[in-house]
Undergrad: 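Okay, here's the structure, questions in a sec.
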Amino acid sequence: MKYLVLLVVLVVAFGFWKSRRNLAQPTRPHQPSPPTPQDMVACAHCGLHLPRTDAIVQYGAHYCCADHLRAGPSHR
């Protein structure tokens, strides 16, 4: 009978020790996924590549700034 009581005490002590050890270990924070690549376009005037969302579009041509939009496409 005393061995049974000793076994129960050891199991409870082991469970308590293991639960305290898990609480002491910090969990790794969730790593955010890397951003998805953006579509890139070339400026019709200077050829600079920039994200499509930042480009100025007129008549299907993409420009990097208003000055290049006014200058129009270059004829290389």
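Computed from a predicted structure; not experimentally measured.
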Undergrad: Quick one: side chain to side chain contact (heavy atoms under 4.5 Å, CB included) partners of Thr53, sequence neighbours excluded?
TA: Gln38, Pro51
Undergrad: Given a cutoff of under 4.5 Å between side-chain heavy atoms of I, L, V, M, F, W and Y, with clusters grown through shared members, what are the other residues clustered with Met1?
TA: none
Undergrad: Looking at Leu48, Val57, Asp54, Leu50, which one forms a side-chain contact (heavy atoms from CB on, under 4.5 Å) with His62?
TA: Val57
Undergrad: How would you list, by chain and number, every residue that makes a ring pair (Phe, Tyr, Trp, His ring centres under 6.0 Å) with Phe16, sequence neighbours excluded?
TA: none
Undergrad: Identify the two heavy atoms, one from Cys64 and one from Cys46, that lie closest to each other, and give their separation to 0.1 Å.
TA: SG-SG, 3.9 Å
Undergrad: Tell me, please, which residues at least two apart from Tyr59 pass side chain to side chain contact (heavy atoms under 4.5 Å, CB included).
TA: none
Undergrad: Applying ring pair (Phe, Tyr, Trp, His ring centres under 6.0 Å), name anything that partners His68, two or more places apart in sequence or on another chain.
TA: His45
Undergrad: Please give the remaining members of the hydrophobic cluster of Val11, linking ILVMFWY side chains under 4.5 Å, ordered by chain and number.
TA: Leu7
Undergrad: Partners of Asp67 by side-chain hydrogen bond (donor to acceptor under 3.5 Å, both in side chains), sequence neighbours excluded?
TA: Arg70
Undergrad: Can you list the other members of the hydrophobic cluster that holds Tyr63, where links are side-chain heavy atoms under 4.5 angstrom apart?
TA: Ile56, Leu69
Undergrad: Other hydrophobic cluster members with Leu10, side-chain heavy atoms of Ile/Leu/Val/Met/Phe/Trp/Tyr under 4.5 Å, chained?
TA: Leu6
